[in-house]
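Taking it in order: structure first as structure tokens, then the write-up.
Numbers restart at 1 for each chain; the letters A, B, ... are given by sequence-line order, proteins then strands.
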There are 2 protein chains.
Amino acid sequence: MSDDAIPPTIEWRDGRIVMIDQRRLPGELVMLWIENLDELCTAITSLAIRGAPALGVAGAMGIALAAATGIPLEDAARRLIATRPTAVNLAWAVRLAVAAPDPLVEAQRLVTEDIERNRRIGTHGAALLPNSARVYTHCNAGGLACAGYGTAVGVIRAAHEQGMTPSVWVGETRPVLQGARLTAWELTRLRIPATLVADVMAGSLMAAGEVDCVIVGADRVAANGDVANKVGTYTLAVLARHHGVPFYVAAPTSTIDLACPDGATIPIERRGAEEVTGLAGRRIAPEGMLVDNRAFDVTPAALVTALITEDGAVDPASLASS
Amino acid sequence: MSDDAIPPTIEWRDGRIVMIDQRRLPGELVMLWIENLDELCTAITSLAIRGAPALGVAGAMGIALAAATGIPLEDAARRLIATRPTAVNLAWAVRLAVAAPDPLVEAQRLVTEDIERNRRIGTHGAALLPNSARVYTHCNAGGLACAGYGTAVGVIRAAHEQGMTPSVWVGETRPVLQGARLTAWELTRLRIPATLVADVMAGSLMAAGEVDCVIVGADRVAANGDVANKVGTYTLAVLARHHGVPFYVAAPTSTIDLACPDGATIPIERRGAEEVTGLAGRRIAPEGMLVDNRAFDVTPAALVTALITEDGAVDPASLASS
């Protein structure tokens with residue numbers, strides 16, 4: 001149940017950033033050392049680190065790295081924010097670090113705060129689950145997506161720590177397989193019972209009554225409660241509604257972007273075709289095949305049963321009036 | 001538009017069965033020669049040939065092979081039918097071949113008839129499409145799934161041949177990737193515009209109004225119109241209903257099994273974990289991970305706008321009363 005089996009997702013050590021290289025999981029647990037801004041930007045765009053809260057920490061540490069290496073902070077901020085457009089936590093944390101007296105102190109405060117927030121999200125979320133809940137989750141909203149502990153996975157961990165015996169359906173999450181590679185790996189290390197499924201099986205599982213709730217993370221929540229998250233989240237929300245299954249989004253309040261009035265205004269990153277035409281380095285589609293690879297989708301607030309933040313669980317549609 | 005660019009899925013030549021080895025597409029177009037029943041059963045279970053109508057032809061040719069090699073036909077029939085439990089066409093065609101005076105003549109009649117039926121399905125289906133229809137399809141219900149031409153893809157081909165300029169969203173269809181590997185390959189060879197997407201993108205596309213209809217094939221249609229097809233079909237049907245998008249199933253009448261009163265009585269094949277945890281020898285999930293790999297799911301008749309057979313398009317719910 002402890003984090004012992006999983007090293008910190010990202011930390012500052014000896015003037016450098018050290019992070020788990022998530023591209024190499026689950027095969028190898030390898031740490032990646034980052035010495036300059038170029039390396040950090042490459043690590044972010046190539047998904048060595050990903051997940052909205054983890055990107056926030058990476059962005060703040062990137063500002064600390066810029067300060068240490070004499071790069072103008074505004075230049076560094078622009079470059080970092082441009083790496084991934086959808087997750088709002090990245091820009092939020094970069095701005096905090098630029099404005100802080102000491103970017104490194106701010107980055108390290110964010111690490112501590114993120115883990116503390118996630119534990120509170122976990123406690124609030126676990127209170128919504130029945131005993132022995134069969135939870136479906138998508139992508140990775142675990143400790144690897146944060147400074148630690150996790151948001152959606154944090155809710156499952158909290159339930160597990162309380163002895164509520166949850167079990168997890170892990171959607172593999174094509175095209176980058178964050179579910180199969182990362183969430184499956186975390187849950188295995190945490191000894192939480194989990195079963196991996198192809199994403200296409202979610203409908204069958206719900207139709208068979210084998211899912212008690214869906215819990216996912218978020219990359220950005222608009223002011224009206226619409227949720228941008230890993231592509232496939234919206235399909236799960238529609239399925240959950242069709243089957244009367246509660247659909248929860250677990251995310252810190254830093255994921256809420258009041259500057260975005262609704263989901264339609266959230267920028268959706270489109271990524272390269274090679275993520276879809278290849279799998280684990282093997283080509284799986286004909287040469288020259290056109291591909292549409294939107295990395296995120298938007299789930300309307302009306303399909304979200306509750307948004308679970310460190311402050312508690314709320315109807316996301318209520319954000320608009322608060 | 002002709003079949004020139006695509007060899008026959010399966011045929012009888014010089015006392016042997018020769019088929020496209022679909023395991024090796026799209027990388028290589030390689031023919032597999034089958035000399036005995038053992039080889040044929042292995043080819044079927046390992047998905048060298050798949051697709052309900054194609055399995056029917058393979059089963060009938062398997063009986064011809066048994067007759068030619070002195071194996072009791074009833075033994076051969078039992079072995080063949082046991083290879084894949086969900087597609088009803090396999091058992092149907094095996095039974096026809098066993099009862100026929102000459103199993104080989106019967107198998108070759110099935111080939112001719114299958115292609116002719118698919119062309120009629122295509123004509124009936126194309127009449128339902130708007131011009132420049134953006135069709136979403138799942139798995140492979142193309143010529144490779146049949147003796148030739150295809151069912152769901154046959155509808156798209158017919159529209160294309162009539163100059164209706166359809167375009168196709170090809171869902172990759174994890175875990176075995178029949179969409180990415182087979183449908184993408186067929187459409188490329190037929191020069192029909194197509195875009196490959198991860199299965200998780202279907203919801204986004206429908207929400208954005210970029211899908212005019214869904215067309216899939218079927219492995220078995222119950223007497224009440226419920227449809228068993230590749231896992232993920234049901235999710236597409238729920239999404240289509242949520243977005244008011246027509247959802248069509250294209251299949252020959254041989255796919256209708258009046259002995260199955262409803263979808264709950266259709267056997268659903270469960271396949272090995274390695275289809276989900278790996279690809280071509282590359283491991284993409286942690287060692288020891290539990291997997292649930294149901295190869296098919298059931299879509300209730302109420303979610304199917306029309307069942308398109310060689311006799312025309314009908315409301316599948318009307319089957320029960322006919």
Contact winner vs chain B - A:A202, A:P193, A:G232, heavy-atom pairs under 4.5 Å: A:G232

Rounded distance (nearest 0.5 Å) linking atom NE2 of A:H242 with atom CG of B:L303: 5.0 Å

Structural part of A:E186 lying under 4.5 Å from a heavy atom of chain B: neither

Leading residue by heavy atom contact count with chain B [cutoff under 4.5 Å; candidates A:T235, A:V197, A:I284]: A:I284

Partner chain B: residue of A:D297, A:V238, A:D199, A:T233 with the largest heavy-atom pair count (under 4.5 Å): A:V238

Atom group of A:T188 that falls short of 4.5 Å from chain B, counting heavy atoms: side chain

From A:T277 atom OG1 to B:L196 atom CG, the distance as rounded to the nearest 0.5 Å: 7.5 Å

Pairwise distance OG1(B:T195) to CG(A:N293) - rounded to 0.5 angstrom: 12.0 Å

Approximate separation, where rounding is to 0.5 Å, of A:L239 CG and B:Y234 OH: 7.0 Å

Interface moiety of A:D292 toward chain B, non-hydrogen atoms closer than 4.5 Å: both

Heavy-atom pair of closest approach, residues B:P26 and A:P286: CG-N, 3.7 Å

Where B:L290 and A:A194 come nearest, the two heavy atoms and their spacing: CB-O, 3.6 Å

Interatomic distance, A:T173 atom OG1 to B:R174 atom CZ [nearest 0.5 angstrom]: 11.0 Å

Pairwise side-chain contact, B:V276 with A:E172, heavy-atom cut-off 4.5 Å (strictly under): yes

Residue, of B:G203, B:G27, B:A180, B:P300, that accumulates the most heavy atom pairs under 4.5 Å with chain A: B:A180

Least distance between heavy atoms, B:R294 atom then A:M201 atom: N-SD, 3.4 Å

B:V200 to A:H138 - nearest heavy-atom pair and separation: CG1-CE1, 4.0 Å

Option that, when pairs with chain A are counted at under 4.5 Å, heavy atom only, ranks first among B:E210, B:R241, B:E275: B:E210

